[in-house]
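Right, one structure below, let's go through it.
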Amino acid sequence: MSGKPRLTYLNGRGRMESIRWLLGAAGVEFEEVYLETKEQYEKLIKDGFLLFQQVPLVEIDGMKMVQTRAIMSYIAGKHNLHGKDLKERALIDMYVEGISDLMQMILMFPFSPPDAKEKNLESIKERATNRYFPVFEKVLKQHGQDFLVGNKFSWADVQLMEAILAVEEKVPDVLSGFPQLQVFKSKMSNMPTIKKFLQPGSPRKPPPDAHYVETVLKIFKK
């Protein structure tokens, strides 16, 4: 086995996408194994790979890690993306938690019943523009730096960039009232590792389609 982290999930975004983003931003190459059947998933559980019977699964540094937050915290710590001290780490964690709340809505959107899609899309737009993005607009303005915490690229910046692009796919003009976030997005897009991750052919996954939703339901539905 190579020294690269090995990611086991579906061939789609889901809960693994933020992990892909963080590894990509850290400049880490990784391998992926895609689940396509319920049997593959059940075999992972039977073989004791999934501590809580859930994916994502990331095999890294001799560990079989589950739980998205724990995996990302480890990667951020290993690659110096988790702040220089306890206070910075607390701020990064706080921002990441906030962004995760917004990302959870985006994650669940493809599984909305057809008659609820418009309402759920409106909820994402409302939360992004009234609750979450104003916070980061204010943080960047008051902090006066290129990054959210200290003056160094962190896990929080990666998560915010992912969230901005995910919301823009659904609401293209969502940043129109947020000049600081527009500048932030432009600067992040030009960071070498993120620029590479945003290129066609990178491990970044496309927005979920009907096939992805069908595969998720087939594998995980009880």
Side-chain angles (χ1 to χ4, degrees), residues 4-34 54-61 65-83 89 91-110 124 128 132-133 136 139-140 146-149 152-170 174-175 181 184-209 212 216:
K4 293 178 184 176
R6 182 181 166 101
L7 282 50
T8 301
Y9 199 69
L10 290 85
N11 187 6
R13 287 186 183 174
R15 296 191 185 280
M16 187 65 92
E17 190 69 358
S18 292
I19 297 168
R20 295 185 189 108
W21 262 90
L22 194 55
L23 287 167
V28 178
E29 290 188 1
F30 52 88
E31 298 172 347
E32 296 202 65
V33 176
Y34 298 127
Q54 293 171 313
V55 286
L57 166 67
V58 173
E59 294 169 78
I60 183 170
D61 296 341
M65 293 195 72
V66 293
Q67 297 298 317
T68 310
R69 175 69 200 241
I71 294 165
M72 294 184 72
S73 184
Y74 179 78
I75 294 165
K78 179 174 177 169
H79 296 285
N80 204 18
L81 297 171
H82 216 165
R89 184 171 183 151
L91 281 175
I92 289 165
D93 285 347
M94 192 165 69
Y95 297 154
V96 163
E97 288 287 342
I99 298 162
S100 297
D101 291 343
L102 176 59
M103 288 301 291
Q104 178 65 16
M105 296 175 73
I106 293 164
L107 199 69
M108 296 313 297
F109 180 75
I124 290 170
Y132 296 106
F133 286 175
F136 297 108
V139 167
L140 287 165
D146 291 346
F147 306 110
L148 289 169
V149 178
K152 190 170 178 300
F153 183 51
S154 79
W155 175 17
D157 298 306
V158 182
Q159 287 271 273
L160 180 56
M161 183 64 182
E162 182 193 1
I164 286 170
L165 296 186
V167 176
E168 279 187 332
E169 284 173 353
K170 294 174 172 42
V174 72
L175 290 189
L181 287 178
F184 172 84
K185 178 193 161 191
S186 175
K187 285 180 177 170
M188 287 295 113
S189 301
N190 284 301
M191 285 190 64
T193 53
I194 289 184
K195 192 171 186 175
K196 185 179 177 185
F197 190 72
L198 293 174
Q199 297 302 313
S202 86
R204 187 182 179 216
K205 303 301 178 208
D209 58 12
Y212 172 75
V216 169

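- L148 is listed as a side-chain neighbour of L140, based on a closest heavy-atom distance under 4.5 Å.
- A salt bridge is defined here as a Lys NZ or Arg NE, NH1 or NH2 lying under 4.0 Å from an Asp or Glu carboxylate O, and K4 with E31 fails to meet this definition.
- With sequence neighbours excluded, the residues that form a salt bridge (Lys or Arg N to Asp or Glu O under 4.0 Å) with E169 are R13, R204.
- In this structure, the side chains of W155 and S73 come closer than 4.5 Å at one or more pairs of heavy atoms.
- Applying the side chain to side chain contact (heavy atoms under 4.5 Å, CB included) rule to V28 yields the partners P5, L23, A26, H79; only residues at least two apart in sequence or on another chain are considered.
- Every residue two or more places apart in sequence or in another chain that forms a side-chain hydrogen bond (donor to acceptor under 3.5 Å, both in side chains) with K185 is listed here: E168.
- Between F30 and I60, every side-chain heavy-atom pair lies at or beyond the 4.5 Å cut-off.
- Taken from OG in S154 to CZ in R89, the straight-line distance is 12.0 Å, to the nearest 0.5 Å.
- Residues satisfying the side chain to side chain contact (heavy atoms under 4.5 Å, CB included) criterion with T8, sequence neighbours excluded, are V33, L35, L44, L57, E59.
- A search for side chain to side chain contact (heavy atoms under 4.5 Å, CB included) contacts involving Q67 returns F52, Q54, A70, not counting sequence neighbours.
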Handout entry: Verdict with reasoning, F153 to V158, per side-chain contact (heavy atoms from CB on, under 4.5 Å)
Key = CA-CA 8 Å; F153 183 51; V158 182; 3.4 Å; yes

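- Note: N80 CG to H82 NE2 = 11.0 Å, rounded to the nearest 0.5 Å.
- Closest non-hydrogen pair, A163 versus I99, comes out as CB-CG2, 3.6 Å.
- Closest approach of A156 to I92, counting heavy atoms only: N-CG2, 3.9 Å.
- Listed by chain and residue number, nothing satisfies the salt bridge (Lys or Arg N to Asp or Glu O under 4.0 Å) test with D209 (two or more places apart in sequence, or in another chain).
- When the salt bridge (Lys or Arg N to Asp or Glu O under 4.0 Å) test is applied to K78, the partners found at least two apart in sequence or on another chain are D61.
- Atoms CG and CG, on L160 and L165 in that order, are 9.5 Å from each other to the nearest 0.5 Å.
- Here the shortest heavy-atom pairing between R20 and L10 reads NH2-O, 3.3 Å.
- Atoms CD1 and NZ, from I124 and K170 in turn, are 6.0 Å apart once rounded to the nearest 0.5 Å.
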Name every donor-acceptor pair, under 3.5 Å, that has one atom in a side chain of residues 190-199 and the other anywhere in the protein, sequence neighbours excluded.
residue	atom	partner	partner atom	Å
N190	ND2	S186	O	3.0
T193	OG1	A25	O	2.8
Q199	NE2	K195	O	3.1

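- The two residues S18 and E162 make their nearest non-hydrogen contact at OG-OE1, 2.7 Å.
- Partners of K152 under the side-chain hydrogen bond (donor to acceptor under 3.5 Å, both in side chains) rule, at least two apart in sequence or in another chain, do not exist in this structure.
- With sequence neighbours left out, the side chain to side chain contact (heavy atoms under 4.5 Å, CB included) criterion links L91 to M94, Y95, V149.
- Using a 4.5 Å heavy-atom threshold, the side chains of M65 and P56 count as separate.
- Contact check for M188 versus F147: side-chain heavy atoms found under the 4.5 Å cut-off.
- With sequence neighbours excluded, no residue forms a side-chain hydrogen bond (donor to acceptor under 3.5 Å, both in side chains) with N11.
- With contacts defined as side-chain heavy-atom distances shorter than 4.5 Å, the pair I19/Y9 does not qualify.
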Handout entry: Intermediate values then yes/no, side-chain contact (heavy atoms from CB on, under 4.5 Å), W21 and Q159
Key = CA-CA 8 Å; W21 262 90; Q159 287 271 273; 6.0 Å; no

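- In this structure, D101 has no salt bridge (Lys or Arg N to Asp or Glu O under 4.0 Å) partners at least two apart in sequence or on a different chain.
- Residues V58 and M72 have side chains not in contact (no heavy-atom distance under 4.5 Å, counting atoms from C-beta outward).
- Looking at D157, L22, I75 one by one, the single match for side-chain contact (heavy atoms from CB on, under 4.5 Å) with L81 turns out to be L22.
- Side chains of I164 and F136 form no contact here, defined as non-hydrogen atoms less than 4.5 Å apart.
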